[in-house]
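One structure below.
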Amino acid sequence: MIGFAARRLLQAMIVMLVVALLAFTMFRFVGDPINQMVGIETSLEEREALRERLGLNDPIPVQFLRFITQAAQFDFGTSYQFRQPVSELFAKRIPATLELSFASALFALVVGIPMGIYAGLNRESAISKLFLSVSLIGISLPTFFIGILLIFLFSVTLQWLPSFGRGEVVQVGSWWTTGFLTLSGLKALILPSITLGLYQMTLIMRLIRAEMLEVIRTDYIKFARARGLPDRLVNFRHALKNTLVPVITITGLQLGAIIAFATITETVFQWPGMGLMFLQAVQNVDIPIMSAYLLLTAFLFVAINFIVDILYFFIDPRLRVGRP
Amino acid sequence: ETLKFAFQGALNALDPYSLNETFTLSSLGNTYEGLTRRGADLSIEPALAESWEVLEPTRWRFHLRKGVKFHNGSDFTAEDVAFSVDRVRSEGSDLTTRVPADAKVEVVDDYTVDFVLASPNPILHYEWDTFYIMDKEWTTENDAVKVTSASDTTPNYAALHANGTGPFKISSHEAGVKTVYEKNDGWWDEAKHNLDTVEFTPIGSDATRVAALLSGELDMVYPIPVQDIKRINDNAGTVALTGPELRTIFLGMDQMRDELLYSDVKGKNPMKDARVRKAFYQAIDIEAIKKKVMRDLSTPSAIMISPFLFSKAGEFERYPYDTEAAKALLAEAGYPDGFSIGMDCPNDRYVNDEAICQAVAAMLARINVKVDLNAQPKAKYFAKILASGGYDTSFYLLGWTPGSLDSWNVLSNLMNCRDESGAGSPFNNGGFCDEKIDSLTKEILVENDPEKRDGMIAEAFKISHDNAYYIPLHQQGLAWGVADNVDLVQRADNQFKFRFVTKN
Amino acid sequence: MNVLDIKDLKVEFPGRKSVFVAVNGVDMSVEAGKILGVVGESGAGKSTVGNAVIGLLQEPGHIAGGEIYLHGKRIDQLPYKQKRLLRGRKIGMIFQDPLTSLDPLQTVESQLVETIRTHLPLSAKAARQRAVELIDSVGIPNADERIRQYPHQFSGGMRQRVVIALALCAEPELVIADEPTTALDVSIQAQILELMKKLCAERNVAMLVITHDMGVIADITDHVAVMYHGDLVEYGETTQVLGAPVHPYTQSLISAVPRPDIRVDRFPVVNYIEKAGTPQKQIDISTHWLGKSRDYGKVSGPLVKIRDLDMAFETRGSIFPSRRKYFQAVKKVSFDIEEGETFGLVGESGSGKSTIARLITGLYEPTGGSILFGTTELTSLKNRRDVLAMRRQMQMIFQDPYSSLNARMRVRDIIAEPIKFHRLASSNAEVRQIVDDLLDHVGLGAAAGKKYPHEFSGGQRQRISIARALATRPRFLICDEPTSALDVSIQAQILNLLKDLQEELGLTMLFISHDLAVIRQMCNRIGVMRHGELCEVADCDALFETPQHAYTRELLSLMPSLELLSRANLQTVDHPEA
Amino acid sequence: MPYVSNEEAKAAVQDRAGIPPAPSRLARIVDSDMFHSFLRSKVTVVAACGTLILFLLAFLAPWVAPHNPFDLASISILDARVPPVWMEYSDPRFLLGTDDQGRDILSAIFYGMRISLIVGFCSVAAAATIGITLGLVAGYMGGRVDAVIMRIADVQLTFPAILIALLIDGVAAGIFGSIDREVFAFYILIVSLALSFWVQYARTVRGSTMVEKNKEYVQAARVIGIPSVTIMARHILPNVMGPVMVIATINLALAIVTEATLSFLGVGMPPTQPSLGTLIAIGNDFLYSGEWWIAIFPGLALALLVLNVNLLGDWLRDALNPKLR
Ligand SMILES: Nc1ncnc2c1ncn2[C@@H]1O[C@H](COP(=O)(O)OP(=O)(O)OP(=O)(O)O)[C@@H](O)[C@H]1O
Ligand SMILES: Nc1ncnc2c1ncn2[C@@H]1O[C@H](COP(=O)(O)OP(=O)(O)OP(=O)(O)O)[C@@H](O)[C@H]1O
Ligand SMILES: [Mg+2]
Ligand SMILES: [Mg+2]
């Protein structure tokens, strides 16, 4: 296992290197950072000077190397927009994003899994059909649209829930801020996590349903029933577990996506997280944030996929052969 | 009282010289002050300078206000002014033009400062309402003399903390998330506001911003989309404040290249022909744009500056909307069947920018000009059409507010000749060149007689109008959403000053 | 008082165009403490009866008529919840396909413990204790450790025993055992049968045992029901039915039982055919597709030469080599197979027979030793073309017929695949012709080609698997329990086919079986395995008459008696070439 | 033999008797199990009809739509934001009202759906093809091949569609100079969406393949000598298609919606040719101002499309599984 992890770590390095390289080729196409950093009346000479100082005139490979050497020392530079070290900015934004991701993943799993099982077992039931259709309509509308509709309903019309922000946050430890401990913080989580989790919920639900339909027709489920096991055991321990490989694959990917790319939801709800910052960075061509962010995301995905691969081994003993 | 408000953009760095951008300067103007300030009607008022006089055309004397303290308690003196002048002109500052590079500062005594200029400049202090004075000691002590620049690798104290003389202190600031202001009890002026704290949150999404106002979570939001004005007015407890803004929206055309980019006309540039430009001009139904796109929240304009900023603006009139005349002009110019042209347009910069472009494209289609519209976010848009992108455009939409609120700024930035690299008028993206306008611009700069000066400005604008070098569209409107219990002043420069606010 | 009463049971599988009646008006009953045996041809509907009783017919199958009573209470119409309560506790079920009956993701232990705890009020520890005892009682050595493994780490016979343990663990009142001993060697089989008899005698359990093994029937059953084509053709006390069969099908069935005592050239076939079907065609190999010339060069010496073959499975992974655990499934095994001979492999369940088969076909990589096919060393074969050539010459019939068939392919495509792939036919029409022929030869009939594997009975699936293996016209065929799920008549038909192929074409076979009678008829030489080691290799007759190794002697002594099948009966039926 | 039901036995006899049943292709389709299971499910038939109608409307838009909203000369800003006919101030020319540029919503839906359908289907098909292929290879081969493919996937995951689109757009513009945006926009959209979606398929298929490849039917195929490629395509693929179908049908919605986002970043179709997603996004700005029809009708059209396609997908997945028929 340690060897496996070490190999993955090495691969992660390579992945991050490639990501950084790609990112650097790409930044040329995102726009000109200088325009976003100075007022429109700033003279051309000053723009040129700034560009020179930022090293933007250096050839791409030079910029890339500089970035990599610094990144290797955990120095990701200073944000063009905020004029603060990128790492500090990240540290401030990460709690918000993780809490939102956690809440929406929880929503997706807690609703998606039982509904998926139910729909898989009761293929013809009206409730499952209704649920499947409604969730589909939910995902066929764009995220921003859903977000705005929810805000319109729950904030403007009913005035139950806040329309933006994290509510009141409490400092926990030296740098973590949490919204879980205040009422307004919890209220503020509801709408964005539903908006964000809707797609994953639908996906997980339909995936489980589809897999359940197949698994419940296998011989071992038949035999489990013949042994008189209660439905709970048959459905969850035997049937569900056998559907899990694709489900955890997708859950892992989606979890990564909601942590890394909750951009639209965070924008709609002005959620002060990483996604919002990333979108702003793209809009404002904030290269240091973008590159550090992409590196972080790359690492996140390698890590998540590593965990998923480990989970495969836990779930399915047949996959353990030949693996250290 | 607490005022909670939101703006579409964020307040990033707190260093008053690091970004020459309206919202940043507007926000910091509640904390910092300049030697002058502008009142509700944008008239120049004394602020940290009690009065000033022009001793000779090249020597200005400012008498500073006594007894003013910075938020940290240190006194405001002439040294601070001299320090600020140096700092604002130093490398990394984005406001270097506030004080001419060749001007010298002479400290006469603790409360008197002289500015010695190389050449006369009647509008020297026009932009000083946003040239904020910093505390020399504080800045030096905190090692923040160098202007916070984007190329810095360590954070600058001044970028994260503020120490001004203004009516509000910044008590906490998280860039892009939240900024909290607190009342400055030791402010030198009599407070007309009744606020204790002000909370600012950036909200990027228009709909969310409006929703937050409608739901009563916020007291004030700006800007609001024009289409939501009615909704906000209909809502009990909120009202939309609208008014004219100073920004002029206009269309520019490539008149420099010998062959138009993104066009099916090869080997020549139709836009060099004034008839073609006039045809474009006359094909645009500005009233329809005003009514349908802007929902009446715009003022069609015949010149490139807001009528508020130029006394003779009333002398100009737009060419009438006339499709037939436009077609005739095109035919005359040799394009009876029209041609195709690529158009660049931002989609997140000005009020309904993309919708305006689409409407223009549809209108030009009626005179057989096929427009390929390329609407992009501002980062990509500006990177393409400005000097850094090699002025890669044939037809574009742009907006301009003269920072000094004076026409010379417009002429020198937009209407003088330029070369390929942008030397000259850097924002004359179309690159037209009219010697007469250039020479007028030079004269205007040094002319101290207002009457004569205005005459020359009018002449320059007339040349532009006659040749249709630009197609001015309108001054866009301001729209702020305010809760009924809040009273405030909406200034035409779109700056929001807390000192005008009362909440009950 | 009868525990189980089945009255006029009718089960239908509605198809798209017609309704298939799998069970047509069957009556049976089992008394407490008694064992009812059900025999009959493959596909007669035996398993279907069992499934109907426990209420787990595969969709779209359903009970179309009749009644089922448990202790006099009607159960076939009970609502789902109440039916569930019967399962495990009142009715224990052993499905025919033990290899797919276990959840692949749970250890044997957890499956046992959960079942025990569902039905009996035991603590987790006590339940585990009981689980270990059960596993021990079905003859799996080293139960304490073995129980923590996963089903795929068990051999076929071991899985079958786990399934039996699972069915018995809650001490149900009625046990339905569908082919409970097919994958077991005689000694284990004897142990299991003993266990079952004991259950009946001591706990008054009623049992319904479905089997093809006449020996088992004779051994343990009190009553016998004979099914044919969905009908119950004969029903009565075991002694009477076996001793004096009335129905012609029963008579011919009994006559076809292979004899362990003498060796015959061909197996007697059942010559009773009542309904229109596919009459078995006598084939002339020399003109038949299966006999078309093959281009293999003769080899000098043995065709397959196995030397010091070792196979160790990792049973516990760890980064530290010292903490890894291995299970040595095959230890230093060496033997030769001559061209054209049949080499039999018998031995204890779990002794490594299937593992050897898989090693030869390259499905496992041996941890040591060499396998020579002709002159080619198989373990070091890398070149794709060589591997391909080898594959075509060597085929295998898997022990588990069902899971080796792709559930999403039609039977016709499954069989056609190797023919098409190895380009053994020139046109699609020819492929079709060959497939239909093969299906005929294994007694399924061409129409079966349109169906999917799950629509077949256990024996029928096995036959599909055999047809597929024959489709490449192999030179060397590995048969892992090829006929374990077949009734004697089909078995005879298939074994005869194999024999014909061997005689005419010199087919070489590795024949793994538990059925000593079949081994005796089929094999030239025999290897006996135990605990991964080959303990004896001898000529067939020599082995049966003068066994050397103690284990071999034990095996032979345990062959189920066929005394009940009276001599008279065996002789009345004519043996074509006896 | 007992297996054969009477009719089948007769048919089999006929078969051998050399009476070739030569059904036409159509007859074979009509007679197939698939078609049969299709007809049996009413919901599926309705969904298929619904999908067909939507497709027809989209692809026959120039003939069925009352206006051509992409023809700039034919639209007038003065017609902007006219409500649907049943409301006050409506205009009988515009059944479902007009958008902020004066485009007829009904026609814009038809035209926009064509863009959305092409982009959506092509990108999902491309993503699925790439993803399934790589996933099969990675899962089946394992080892180094697997590591390389999966790490490429990780790199890919890091770049959301927006960034890929910017990259492709930039590179394309760099290579081809001033390009015909309308034509290229399609390719850019499809390629960037496909690139950002394939990983899901690849990882899912890989996971399932790793499970399937140890099953005995795969080993049986290997013993026959079937080459790996064929084993993957013919044996493993059908057995791992279940999750793929689920993801694909759901991804369709995501692709259509993401396309709109890309357009806003200036890399998609020009704003004068709004797709279904773009229409919704435009209409989104007018929700509070009471001009709901601009967003709601295109939204309904999209929801209808997604619903129908998913129902069809559900059926197809079941129909491909012989046990579920
Ligand atoms: N799901 C199904 N769909 C259609 N027909 C089926 C299905 N399951 C079984 N059958 C048919 O029902 C008949 C009886 O099957 P059953 O499994 O009861 O046979 P069996 O007597 O147990 O045979 P064997 O000894 O070979 O196991 C067989 O002809 C089989 O083809
Ligand atoms: N993948 C595996 N991992 C661990 N152990 C295994 C594995 N496969 C088989 N074994 C073990 O190897 C031994 C031999 O198995 P094999 O399947 O060859 O037995 P067999 O002789 O065919 O028995 P049977 O007659 O019961 O089928 C058994 O003890 C089994 O538990
Ligand atoms: Mg059976
Ligand atoms: Mg075996």
Side-chain angles (χ1 to χ4, degrees), chain C residues 15-21 41 43-45 58-59 99 152 228-230 275-278 358 361-363 384 387-392 394-396 398 400 403-410 417-418 421-422 436 443-448 450 452-457 460 465 468-469 471-472, chain D residues 1-18 20-22 30-37 39-40 211-231 233-242 317 319-325:
Chain C
R16 183 146 67 82
K17 291 185 181 144
S18 59
V19 173
F20 178 71
V21 184
E41 73 168 341
Q58 186 172 34
E59 279 170 65
L99 290 92
H152 73 277
Y228 179 73
H229 198 68
K275 295 190 179 155
T278 339
R358 286 160 166 268
T361 46
L363 291 176
R384 256 204 57 77
V387 174
L388 254 188
M390 204 54 61
R391 294 276 190 232
R392 203 185 115 195
M394 193 192 305
Q395 279 305 310
M396 166 149 159
F398 284 79
D400 181 6
S403 53
S404 64
L405 301 175
N406 189 343
R408 289 180 192 248
M409 284 169 83
R410 286 174 200 276
E417 192 171 30
F421 174 68
H422 290 292
D436 289 353
L444 286 177
K450 276 198 288 217
Y452 289 92
H454 73 274
E455 294 171 82
F456 291 89
S457 81
Q460 289 166 337
S465 182
R468 173 176 60 182
T472 59
Chain D
M1 293 308 293
Y3 169 77
V4 188
S5 70
N6 298 341
E7 290 87 335
E8 278 165 342
K10 261 182 236 144
V13 169
Q14 275 177 1
D15 249 14
R16 259 186 306 273
V30 171
D31 191 46
S32 71
D33 290 350
M34 282 282 246
F35 190 71
H36 184 72
S37 86
L39 285 186
R40 222 177 28 199
V211 174
E212 292 297 318
K213 78 168 174 192
N214 291 322
K215 294 202 172 154
E216 215 151 72
Y217 71 90
V218 176
Q219 300 181 342
R222 279 170 59 199
V223 168
I224 290 170
I226 314 245
S228 307
V229 177
T230 319
I231 293 188
R234 276 182 59 101
H235 292 265
I236 299 183
L237 182 59
N239 283 288
V240 299
M241 273 307 272
R317 205 187 48 242
L320 287 177
N321 185 347
K323 282 199 217 173
L324 287 181
R325 262 183 215 150

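Keep in mind that the numbers below use all heavy atoms, side chains included, and drop hydrogens, waters and symmetry copies. Keep in mind that this is a model prediction, so the values were computed, not measured. Note on naming: letters A, B, ... go to the chains in the order of the sequence lines (proteins, then strands), and numbering restarts at 1 for each one.
Within the 4.5 Å cutoff, no side-chain heavy atoms of F398(C) are placed close to those of S403(C).
Between chain C and the residues K215(D), R234(D), E216(D), the largest count of heavy-atom pairs under 4.5 Å involves E216(D). Of the listed residues (L405(C), L363(C), T361(C)), the greatest number of heavy-atom pairs within a distance under 4.5 Å of chain D belongs to L363(C).
Contact of M396(C) with chain D is made through backbone and side chain together, with heavy-atom distances under 4.5 Å.
Legend: residues meeting side chain to side chain donor-acceptor pair (under 3.5 Å) with R222(D), ordered by chain and number and at least two apart, are absent. Residues passing the side chain to side chain contact (heavy atoms under 4.5 Å, CB included) test with V21(C) are K10(C), E12(C), N24(C), sequence neighbours excluded.
Using modelled atom types, no side-chain atom of N321(D) and backbone atom of R317(D) make a donor-acceptor pair closer than 3.5 Å.
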